[in-house]
Number of protein chains: 2
Amino acid sequence: MLDVCLLGTSGMMPLPRRALTALMTRFNGSSLLIDCGEGTQVSIREQGWSMHDIDLICITHNHGDHVSGLPGLLLSMGNAERIEPLRIVGPKGTKRVVESLLVIAPGLPFDIHIQELNGKCETIEANGYEIEAFRVQHTVPCYGYSQRIRRMGRFDVEKAKRNEVPMALWSRLQKGETLEWEGRRYTADMVLGQPRKGLKVTYCTDTRPIPEIADYARGADLFICEGMYGEPEMASKAREKKHMTFTEAATLAKMAGVPEMWLTHYSPSLIRPDLYIEESRKIFAGIKLGKDRKTVELNFDGEE
Amino acid sequence: MLDVCLLGTSGMMPLPRRALTALMTRFNGSSLLIDCGEGTQVSIREQGWSMHDIDLICITHNHGDHVSGLPGLLLSMGNAERIEPLRIVGPKGTKRVVESLLVIAPGLPFDIHIQELNGKCETIEANGYEIEAFRVQHTVPCYGYSQRIRRMGRFDVEKAKRNEVPMALWSRLQKGETLEWEGRRYTADMVLGQPRKGLKVTYCTDTRPIPEIADYARGADLFICEGMYGEPEMASKAREKKHMTFTEAATLAKMAGVPEMWLTHYSPSLIRPDLYIEESRKIFAGIKLGKDRKTVELNFDGEE
């Protein structure tokens, strides 16, 4: 089970009742945060989730509205007595930005490991999350992120017997361990069937709708995407500012063949996103307006 | 008329419905802000006031909960097309902190002039505000601020005549100007009576209740003061962390002889400040619980 919470839906600046865009997910006791604008920590509290267990923060890019909440969040994580190291991943420049912001968060009780992305697409493993960072097209280096939870195959008794796996090892192998036993090496695939469909969430914001994004989002159970502007007359501004409109986002979702898209990162000028959703629904029926703390629990097929 | 708004009342970290402690005042088209934690700009919007006209930001000290909202606020002021220079005043170290935070607010359309305080007490003049910064006692250099709006005397026709001031100059002198006319110099005091009682607001937080604070608050119409802890059993923690309790704040108010005190900067552990106000009211009857966006319009005597 993957818990997904869109912590905020505002772009550029936080507004009353519209926090800056950020995404938090929880899986197997480990939380992941994408972006951390001013107020992200308040939205986490409002949602009743814990900051303590955030093991990885992915930064899309280093504009203020995506990182201004970092020092406050880190201070609060310190106050929550986190001591385990924290990883931060982001584009080139992230190290300089985070270290500058830490001027107001000295003496944290945990280490911070910062990894800068350079490639067109990089993969990061963290506590069961497999994260694919893919470069998008904004005014500064910017990445989208797909997170994938892999699901192993079912336990296959016949296969285990065929591979002459001692029964004493079955349950540990089923959990994915690799074991040595009486001079022989046993791997999980000796007792498991084909990997089953896992879970995938793709998140991207602050970008033009380049077709590569649809490729990276393919197979996602949920695609969360910026919808900076709803009004058709804002299309040229979206091009100029390297953002996208609702209909451009809908077109990406259609290309990606995903079942559902949530829009987020609304311009402060977009007071009523609901007035513009119908038009994009004609392009992609599964499009929904994100709203602060919109939450979903994604389950593996057949899982309750 | 001086508009006063306590933008938030939280200490240490922002909470849902309890923003970090900050104060904003408006006088004669110019706004002043004391402290700017994460979320301060949202509270300003919630109050319906404008960020554009903030001409001076006074920082009590450089702990995260008092400055973490600065880069976001400055970005929003830039987006609001402010171009006039902004002054920031704070203790030693403020320049380094603000400049580090500006890593995420590059290219602002206005200049920032930072003034660091060193003395025990320093006076700053800004657009009709006379600000007295006074050093308090925290774990790092920290200042309280009194802001005073002076009020000139009434126009005195007899005095103007006695001083042989040409009638053509009366109205400009009444506004406080100094003029040259036919070889003679005319000053406002030649047409005005004794200065009348002005307005004064004192703000201090993150300090032990040293008696000097009462001296600086004397004559204030409103004294806004930290009340980090309400519970009597927290008195030793307050001493240790260099904060104060409700009753310590009340004692300062009594010593200062002010008519009214608002408490603020509540510890996140203090869920129900209202449970502890009665005890401090026995010491000082004019004590009130600050709450987010508690507002008052202070008027000169006899002014509507």
Side-chain angles (χ1 to χ4, degrees), chain A residues 8 10-20 36-48 51 59 61-80 93-108 139-140 267-269 292-293, chain B residues 8 10-20 36-48 51 59 61-80 93-108 139-140 267-269 292-293:
Chain A
S10 192
M12 274 179 77
M13 54 185 75
L15 301 177
R17 287 164 295 285
R18 199 193 276 178
L20 286 169
C36 186
E38 182 177 356
T40 292
Q41 65 164 313
V42 180
S43 191
I44 295 172
R45 277 184 200 281
E46 194 104 37
Q47 173 70 5
M51 285 167 241
I59 303 295
H61 65 300
N62 289 300
H63 276 162
D65 53 334
H66 295 258
V67 290
S68 49
L70 263 181
L73 176 82
L74 300 179
L75 282 167
S76 293
M77 287 171 72
N79 280 320
T94 298
K95 210 166 147 55
R96 187 178 70 94
V97 165
V98 173
E99 284 171 359
S100 294
L101 294 177
L102 285 177
V103 68
I104 53 167
L108 291 172
T139 55
V140 295
S267 164
S269 67
D292 284 29
R293 290 174 295 288
Chain B
S10 192
M12 275 179 76
M13 53 186 74
L15 301 178
R17 288 163 294 286
R18 199 192 275 179
L20 286 169
C36 186
E38 182 177 354
T40 292
Q41 66 164 313
V42 180
S43 192
I44 295 172
R45 276 183 200 281
E46 194 104 38
Q47 172 70 6
M51 284 167 240
I59 303 294
H61 65 301
N62 289 301
H63 276 162
D65 54 333
H66 295 258
V67 291
S68 50
L70 262 182
L73 176 82
L74 300 179
L75 282 167
S76 293
M77 288 171 72
N79 280 319
T94 299
K95 212 166 146 54
R96 186 177 71 93
V97 165
V98 174
E99 285 171 358
S100 294
L101 294 176
L102 286 177
V103 68
I104 53 167
L108 291 172
T139 55
V140 295
S267 165
S269 66
D292 284 30
R293 289 175 295 288

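As a basis for the values below, the full set of heavy atoms in this structure was taken, side chains included, without hydrogen atoms, waters or symmetry mates. Order of the sequence lines sets the chain letters (A, B, ...), proteins ahead of strands, with each chain counted from 1.
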Heavy-atom distances under 4.5 Å only: say whether A:T40 touches chain B with side chain, backbone, both or neither.
-> backbone
Shortest non-hydrogen pair, A:S100 vs B:V103, comes out as CB-CG1, 3.6 Å
Which heavy atom in A:V67 sits nearest to a heavy atom in B:I104, and how many Å separate them?
-> CG2-CG2, 3.6 Å
Checking A:E38 side chain against B:G39 main chain: does a donor-acceptor pair fall under 3.5 Å?
-> yes
Looking at B:S76, B:A19, B:G37, B:A105, which has the largest count of heavy-atom pairs under 4.5 Å with chain A?
-> B:S76
For B:R18, is it the side chain, the backbone, both, or neither that has a heavy atom closer than 4.5 Å to a heavy atom of chain A?
-> neither
Flag the one option from B:G69, B:P106, B:S68, B:P14 with the top tally of heavy-atom pairs under 4.5 Å to chain A.
-> B:P14
If one checks every heavy atom of A:P71 against chain B at 4.5 Å, the contacting part turns out to be neither
Which atoms of B:L15 come close to chain A, meaning under 4.5 Å heavy atom to heavy atom: side chain ones, backbone ones, both, or neither?
-> both
